[in-house]
Amino acid sequence: MLALLAVAVAALVRTRSALAAVALLGAVGLIVAVWFLLAGAPDVALTLLLVEVLTAMTAAFVLSGLSPRFPRPRRGVAAAALAGAAGLVAALGTLALTGGRELSPAGAYFLEAAEPETGGRNVVNTILVDFRGLDTHGEASVLAAAALGLLLLLPGQPDGTAGGPRAPYGRVLGPAHRLLLPGIAGFSAYLFLRGHNEPGGGFSAALVAGTAVAFGYLAGRTGTRWLSPRPLLAAGLVLGAAVGLAAMALGDPFLTPFTIPVPGGGLSSPLLFDAAVYLMVLGLVVTVVDRLGAGPGEHR
């Protein structure tokens with residue numbers, strides 16, 4: 001894996017083709033995702049793989065309006081030495097902080113307490129939405145803030161859209177979009193519902209849904225007028241805060257898990273909080289696709 005990664009990075013540094021750079025960057029991400037999978041981190045591998053897919057789709061919008069080749073860079077020995085030193089420092093830091101350590105007391109606690117205290121078998125997801133929900137809410141709010149920044153920097157139409165997709169690959173991807181959209185939507189719902197017990201959850205599920213939005217823009221089959229970023233971001237922020245405040249109303253700390261009685265059983269608050277994360281992440285993806293999918297001069 002390390003040899004493949006080194007070859008891909010070396011080729012990425014040397015190429016002048018924009019298309020080759022995107023392909024090689026995706027290859028680097030894919031190799032790292034496989035590495036995470038071999039290391040026993042399927043949640044991280046799945047998330048990274050989905051991010052790479054969305055990155056490639058976003059790059060398709062950008063490349064359609066740029067030169068297919070990069071200008072020849074003026075790299076010197078000093079720049080290469082600085083890049084190598086930065087990589088070496090990062091590698092040594094990672095080795096010192098994560099390599100060869102025994103299981104920490106916190107790690108042992110989460111492995112033992114996750115299922116008895118939360119009912120979920122996926123320890124990663126239970127940490128994100130149960131044990132450290134406040135941190136996750138803050139991180140998702142940062143994503144929402146980034147999306148709002150894009151909306152302000154690249155304002156579109158009054159309804160929040162940027163004027164319609166360019167559809168640079170519509171003839172090729174149009175039939176594929178019609179065929180694959182139901183499966184992508186179903187897979188997003190599947191990942192969302194299984195996240196408490198298996199790899200998945202709101203973040204990964206939102207990335208899958210985001211690929212459907214980007215796919216539609218590339219295919220020219222849909223815009224985002226029916227999926228405006230502002231309502232998604234607002235709904236996610238409000239829902240996440242409401243779940244946390246409801247716990248405080250019950251006399252517990254902010255975002256302490258609780259169960260809402262419903263006919264036939266109960267609805268867990270972590271599921272609602274995961275839905276809030278889903279909405280905020282999807283809102284960010286829709287914002288990026290919507291703004292970058294607008295052609296030159298379409299922003300107002």
Side-chain angles (χ1 to χ4, degrees), residues 29-30 33 36-37 41-58 114 118-133 135-144 146-147 177 179-218 222 224 226-243 255 257 260 267-290:
L30 179 60
F36 277 127
L37 188 62
D43 276 282
V44 181
L46 175 63
T47 302
L48 180 57
L49 181 62
L50 293 171
V51 168
E52 293 299 330
V53 171
L54 275 173
T55 300
M57 288 182 163
T58 303
T118 68
R121 297 189 301 272
N122 183 357
V123 179
V124 173
N125 187 267
T126 59
I127 291 175
L128 292 175
V129 300
D130 290 277
F131 291 106
R132 45 154 289 184
D135 290 342
T136 302
H137 184 61
E139 292 164 2
S141 300
V142 169
L143 296 180
H177 176 256
L179 179 65
L180 297 177
L181 182 59
I184 296 175
F187 185 51
S188 175
Y190 173 70
L191 285 178
F192 174 76
L193 293 175
R194 79 193 296 257
H196 215 49
N197 294 308
E198 302 290 343
F203 191 90
S204 299
L207 293 179
V208 172
T211 62
V213 176
F215 202 178
Y217 250 87
L218 291 172
T222 182
T224 56
W226 59 274
L227 198 62
S228 182
R230 289 188 180 91
L232 288 172
L233 297 170
L237 287 169
V238 171
L239 179 59
V243 173
L255 281 177
I260 303 173
L267 180 64
S268 65
S269 64
L271 183 64
L272 294 176
F273 178 65
D274 220 12
V277 174
Y278 182 101
L279 292 171
M280 284 186 274
V281 174
L282 181 58
L284 173 63
V285 175
V286 170
T287 301
V288 172
V289 171
D290 187 73

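Please read all numbers here as calculations on a predicted model, not as lab measurements.
Listed by chain and number, the residues in a ring pair (Phe, Tyr, Trp, His ring centres under 6.0 Å) with F203 amount to none (sequence neighbours excluded). For I127, the side chain to side chain contact (heavy atoms under 4.5 Å, CB included) criterion is met by F110, V123, F131, R132, not counting sequence neighbours.
In this structure, A205 and L191 approach most closely via the heavy-atom pair CB-CB, 4.1 Å. A212 approaches L181 most closely through the heavy-atom pair CB-CD1, 3.7 Å.
For the atom pair CG of L282 and CE of M280, the computed distance is 11.5 Å after rounding to the nearest 0.5 Å. Distance CG/L179 to NE2/H177: 11.0 Å, rounded to 0.5 Å. Note that the CG atom of N125 and the CG atom of D130 stand 7.5 Å from one another [nearest 0.5 Å]. One finds the CG atom of L233 at 5.0 Å from the OG1 atom of T287 (value rounded to the nearest 0.5 Å).
A donor-acceptor distance shorter than 3.5 angstrom exists from the side chain of N197 to the backbone of R121, with no hydrogens or angles considered. Between the side chain of T136 and the main chain of L128, a donor-acceptor pair closer than 3.5 Å is present. Checked by atom type and distance alone, the side chain of S204 never pairs as donor or acceptor with a backbone atom of T47 at under 3.5 Å.
Residues D274 and Y278 form no side-chain contact, since every pair of their non-hydrogen atoms from C-beta on lies 4.5 Å or further apart. At a threshold of 4.5 Å between non-hydrogen side-chain atoms, the residues T211 and L207 do not count as touching.
Ring planes of F273 and H137: tilted class, angle from 30 to 60°.
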Under the criterion side chain to side chain contact (heavy atoms under 4.5 Å, CB included), I'd like the reasoning laid out for N122 against R194: C-alpha separation, chi angles, the key distance, then a yes or no.
CA-CA 9 Å; N122 183 357; R194 79 193 296 257; over 6 Å; no
